[in-house]
There are 2 protein chains.
Amino acid sequence: MYGLIGKMRATPGKREDLLQLLLEATDSMPGCLNYIVARDPADTTAIWVTEVWVDAASHKASLNRPDVQAAIAKARPMIAGFDFQFETEPAGGYGLDQP
Amino acid sequence: MYGLIGKMRATPGKREDLLQLLLEATDSMPGCLNYIVARDPADTTAIWVTEVWVDAASHKASLNRPDVQAAIAKARPMIAGFDFQFETEPAGGYGLDQP
């Protein structure tokens, strides 16, 4: 499995719009086991995204989907920056039993 | 919902043992929607744990369960430290539709 843990910051006043966009963009992509979007309670501009994919290739392929490309184009002006993004190797746990 | 994103470091040579213990300890706890354990590919001692709970009270209650207390006692000598642990407010996404 391939995982990503990232924290991004929205431009002023745009966190909710960006959050909704991320939520809409993530409906059942091939190879995606988990994609969770969260507010940061300590920073009103920040959004956490944690992802688990079958493998890195599935994640990479998703970025070329027309719907994902469209979402990225729509999101870009609302993103002020990324604090970080870490790659992980998920080993298992609870909530990964999607097909 | 209530989320946690944390990175811990195992004592030398103990990452796999600690990882297995975390995986075994996380089988369907009340209020737990998601609990994913991952290796850090860039640091052979590091483990990421991302959690989503119905609310903070469910998470707090889980820490008092005898099985969780036993797992914590077993894990403690294998934990060298925590790099960080962030609280989040998960808004939704994919892979959260457990009962």
Side-chain angles (χ1 to χ4, degrees), chain A residues 1-8 10 15-44 46-56 58-59 62 83-99, chain B residues 1-8 10 15-44 46-56 58 62 68 83-99:
Chain A
M1 285 183 281
Y2 174 76
L4 288 168
I5 295 175
K7 185 186 177 191
M8 66 178 78
R15 180 165 77 165
E16 289 308 305
D17 291 346
L18 182 56
L19 193 90
Q20 287 308 316
L21 186 66
L22 291 166
L23 289 174
E24 286 160 22
T26 58
D27 194 34
S28 73
M29 288 180 281
C32 184
L33 299 174
N34 213 270
Y35 193 107
I36 295 166
V37 182
R39 295 179 187 90
D40 189 320
D43 177 349
T44 58
I47 294 174
W48 290 88
V49 180
T50 54
E51 309 174 42
V52 182
W53 297 80
V54 169
D55 51 29
S58 308
H59 172 253
S62 77
D83 280 7
F84 51 71
Q85 189 174 50
F86 296 106
E87 292 186 316
T88 71
E89 291 173 5
Y94 185 70
L96 281 174
D97 41 4
Q98 285 77 31
Chain B
M1 286 183 278
Y2 174 77
L4 288 168
I5 295 175
K7 185 185 177 192
M8 66 177 77
R15 180 166 77 164
E16 289 308 304
D17 291 347
L18 181 55
L19 193 90
Q20 287 309 317
L21 185 66
L22 290 167
L23 289 174
E24 287 161 19
T26 58
D27 195 35
S28 72
M29 288 178 282
C32 183
L33 298 174
N34 214 268
Y35 193 109
I36 296 168
V37 182
R39 295 177 186 90
D40 188 318
D43 177 348
T44 58
I47 294 173
W48 291 87
V49 180
T50 54
E51 307 173 44
V52 182
W53 297 80
V54 169
D55 52 28
S58 306
S62 78
V68 173
D83 279 7
F84 52 71
Q85 189 172 50
F86 295 106
E87 291 185 317
T88 71
E89 292 172 5
Y94 186 70
L96 282 173
D97 41 6
Q98 284 77 33

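Each chain gets a letter, A, B and so on, in the order the sequences are listed, and its residues count up from 1. Model, not experiment: these values are computed from the prediction. These numbers come from the heavy atoms of this one structure, side chains and all, not from hydrogens, waters or symmetry mates.
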Per-residue contact mode, B:T88 against chain A (heavy atom under 4.5 angstrom)
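Contact with chain A: backbone and side chain both.
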
Is chain A contacted by the side chain of B:V49, its backbone, both, or neither, given a heavy-atom distance below 4.5 Å?
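Neither part.
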
Heavy-atom pair count under 4.5 Å with chain B, highest-scoring of A:A46, A:G92, A:A42:
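Heavy-atom pairs under 4.5 Å are most numerous for A:G92.
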
Atom group of A:I36 that falls short of 4.5 Å from chain B, counting heavy atoms:
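Contact with chain B involves both backbone and side-chain atoms of A:I36.
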
Whether A:W48 and B:F86 hold their rings parallel, tilted or perpendicular, with breakpoints at 30° and 60°:
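If you compare the ring of A:W48 with that of B:F86, the planes turn out tilted.
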
Fit a plane to each ring of B:F84 and A:F84, take the angle between them on a 0 to 90° scale, and name the class: parallel (under 30°), tilted (30 to 60°) or perpendicular (over 60°).
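B:F84 and A:F84: parallel rings.
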
Find out whether B:M1 and B:L96 are in side-chain contact, i.e. whether some heavy atom of one side chain is under 4.5 Å from a heavy atom of the other.
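Result yes, sub-4.5 Å side-chain heavy-atom pair found.
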
For a 4.5 angstrom cut-off between non-hydrogen side-chain atoms, does A:M8 reach A:L18?
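The answer is yes; the side chains approach within 4.5 Å.
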
